[in-house]
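Here is the structure we will look at, set down as structure tokens.
Indexing begins at 1, ligand by ligand and atom by atom, following the structure's order.
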Amino acid sequence: MTSLIEGRTGQWEIVIGLEVHAQVTARAKLFSGAATEFGAAPNSQVSTVDAGFPGMLPVINRHCVEQAVKTGLGLDAQINLFSVFDRKNYFYPDLPSGYQISQYQQPVVGAGRVILDMPDGSTRAIGITRLHLEQDAGKSLHDQHPRETYVDLNRAGIGLMEIVSEPDLRSAEEAGIYIRKLRSILRYLGTCDGNMEEGSLRCDCNVSVRHPGDPYGTRCEIKNLNSVRFVMQAIEVEARRQVELIEEGGRVEQQTRLYDSARGETRRMRSKEHDHDYRYFPDPDLLPLELEPEWLDRLRAELPELPDAKKARFVAGYGLSADDAGVLVAERASAEYFERVAEGRDPKAAANWVMGDLFGALNRSGLGIEQSPVTADRLGGLIDLIADGTISGRIAKDVFAEMIETGEAPGTIVEAKGLRQLTDSGAIAAAVDAALAAHPAQAAQYATNPKILGFFVGQIMKATGGKANPALVNEILRKKLAG
Ligand code: ADP
Ligand code: MG
């Protein structure tokens, strides 16, 4: 789905490539044993390696390598059995060693792809260029003191996976779908928690524009976006800026830019001519990374079922629509919850309850599915009570609201509140008689106005507290009105 910009000189296509920095889920840093926990007191998780002390030696964290390789497998990517760590040299106060250990020409993961599910039901494959491992930098705090900048090195040395896409994306919307899908895959794999608020997933956005069919235009890179919304806004704003610039006779200069969300504009940070020469060279403290094929085979065999495969199975196995299946598989925990509810029950009823009532209630209270006050087994129990006629679908909504409120079992609530459906035809007939007797004028209208039936159904439901079996009420009413 391309979304073209209408300019004075015709239509413009947006071309986007993303560089996502995903924090590796690991207890220790990439080359030191210091902890990675978020929110610790400043500089409390810093080893001498992270602080760049002279003579300290980095030691690769095997688990981080495993996480990167798993991610590569999840992206259907080429895994390189031989890769190299380089030093990327630059000066910044939050980089005490004066270089970042990264991978440059020989990354651990090569070409792969991410499949996007488009809103019109089609799919699009977006190429992954590479994934490499690198260290995060520390953090400069400019708001702690009126004149001075503080540095927190807790983040310094934490393992990041930089995931670079091909320039295959064509709209802000596609970029949003791409990030969400990538995030979903990372979370399934357990290799990155995907928490954008805590900075576990950050994105640099490369944007250029061209008339459809033309060669690629010159791109600008917008740095460090930390929400899907900002990525989408920044792309729109930057593409429009470039179109205007070109149409006014100017030329796009390759720049690094910042997105100012308050003003809704991108601003120049530095141009490529002034860009760093990083003087990459292989880090002499580290051996090249060599992976054993058997180890790789083991990781491949242990991969969980990923969103695309799960979605296909939900459509084929449960008869769900692609849209519904897509919603349910976006998070692994939701998919597992659904499957537990659906086990031995009508899958469509299960999907409706999970996506409608449950997701709605969780959204309203700001809870994730892991914190759901209603367990999958209890939601299943509620569906069983409808299926066996104990309660009506209408009453089930009230029971569910009570379950969300109290976490009680559905059966307990039904008994305590006397919500069992009334299926005793004698009792229903009595309620029907009472209603007819109370409203003789309306009853007389039935011959000429059969719609009056609805009025009586309402009266009887009111009288029985909504508990009368609707099918029985209709049947008995019809007979009595006609007779
Ligand atoms: P660099 O080495 O300068 O970072 P890369 O070739 O690695 O450049 O590209 C970085 C990112 O820019 C990639 O995600 C790529 O898809 C994207 N990109 C490259 N050319 C363009 C272009 N003309 N328009 C938009 N994005 C582009
Ligand atoms: Mg780059």
Side-chain angles (χ1 to χ4, degrees), residues 2-5 12-22 71-72 75 77-78 80 83-84 86-90 100 102-114 116 124-134 160-179 181-182 201-225 228 231-232 234-243 245-246 251-259 266 268-281:
T2 59
S3 73
L4 299 172
I5 297 177
W12 293 89
E13 182 178 56
I14 312 178
V15 174
I16 306 148
L18 298 182
E19 297 167 78
V20 169
H21 291 89
T71 305
L75 299 175
Q78 159 83 32
N80 297 322
S83 67
V84 173
D86 293 285
R87 288 187 182 178
K88 180 179 181 178
N89 300 280
Y90 63 95
Q100 175 194 30
S102 180
Q103 296 189 299
Y104 188 48
Q105 265 149 357
Q106 300 184 80
V108 64
V109 176
R113 70 201 170 114
V114 171
L116 307 190
R124 278 238 309 124
I126 302 302
I128 296 292
T129 314
R130 57 189 269 147
L131 175 158
H132 68 252
L133 274 169
E134 63 182 27
L160 300 179
M161 299 179 280
E162 177 168 335
I163 304 168
V164 182
S165 88
E166 291 289 306
D168 287 348
L169 297 158
R170 292 290 177 271
S171 67
E173 192 183 8
E174 276 190 7
I177 296 173
Y178 170 83
I179 297 175
K181 185 61 176 284
L182 182 60
L201 203 72
R202 313 192 289 269
C203 187
D204 299 341
C205 229
N206 296 272
V207 179
S208 66
V209 297
R210 65 172 177 183
H211 289 302
D214 281 0
Y216 287 147
T218 305
R219 71 179 193 269
C220 285
E221 178 174 0
I222 309 153
K223 279 286 181 198
N224 236 340
L225 296 156
V228 175
V231 167
M232 293 175 66
I235 289 170
E236 288 284 343
V237 165
E238 174 60 17
R240 276 171 206 286
R241 182 191 72 86
Q242 292 181 12
V243 167
L245 181 67
I246 299 169
R251 271 179 52 178
V252 176
E253 185 200 351
Q254 191 170 339
Q255 289 171 344
T256 303
R257 298 178 70 87
L258 284 178
Y259 177 60
T266 66
R268 179 179 182 287
M269 215 170 122
R270 56 174 186 259
S271 58
K272 203 73 180 181
E273 291 101 286
H274 306 289
D275 213 350
H276 305 281
D277 175 357
Y278 291 117
R279 294 280 183 114
Y280 280 100
F281 63 85

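Those atoms of ligand 1 with a heavy atom of Val15 less than 4.0 angstrom away are 24 (N), 25 (C). Taking a cut-off of under 4.0 Å to the non-hydrogen atoms of Gly17, the atoms of ligand 1 that pass are 14 (O), 16 (O), 17 (C), 26 (N). Each of the following atoms of ligand 1 lies closer than 4.0 Å to a heavy atom of Gly217: 23 (N).
By the 3.5 Å distance cut-off applied to N or O atoms, Ser208 is counted among the residues near ligand 1. Polar contact with ligand 1: present for Pro167 (N/O pair, distance under 3.5 Å).
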The test is salt bridge (charged side-chain N to carboxylate O under 4.0 Å, His left out); show your working for Glu221 and Lys223 and say whether it passes. CA-CA 6 Å; Glu221 178 174 0; Lys223 279 286 181 198; 3.1 Å; yes
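Contact annotation: for Leu18 versus ligand 1, heavy atoms closer than 4.0 Å belong to the backbone alone. At a heavy-atom cutoff of 4.0 Å, ligand 1 is contacted by the backbone of Glu166 but not by its side chain. Contacts of Val164 with ligand 1, taken as heavy-atom pairs under 4.0 Å, involve the side chain alone.
The minimum heavy-atom distance between Asn80 and Gly110, with the atom names listed, is ND2-N, 3.8 Å. Residues Val237 and Thr266 approach most closely at CG1-N, 3.9 Å, considering heavy atoms. Minimum heavy-atom separation, Gln242 to Cys220: NE2-CB, 3.8 Å.
Ring geometry, Tyr90 versus Tyr278: the interplanar angle exceeds 60°, so the pair is classed perpendicular (tilted spans 30 to 60°).
Counted by atom type alone, Gln106 and Ser83 present zero donor-acceptor pairs between their side chains at under 3.5 Å.
When side chains are defined from C-beta on, Asp168 does not count as touching Glu174, because their heavy atoms never get closer than 4.5 Å.
Of the listed residues (Gly127, Ser165, Pro215), the one carrying the non-hydrogen atom nearest atom 13 (C) of ligand 1 is Ser165. The heavy atom nearest to atom 9 (O) of ligand 1, out of those in Arg219, Gln254, Glu19, Glu221, is found in Arg219.
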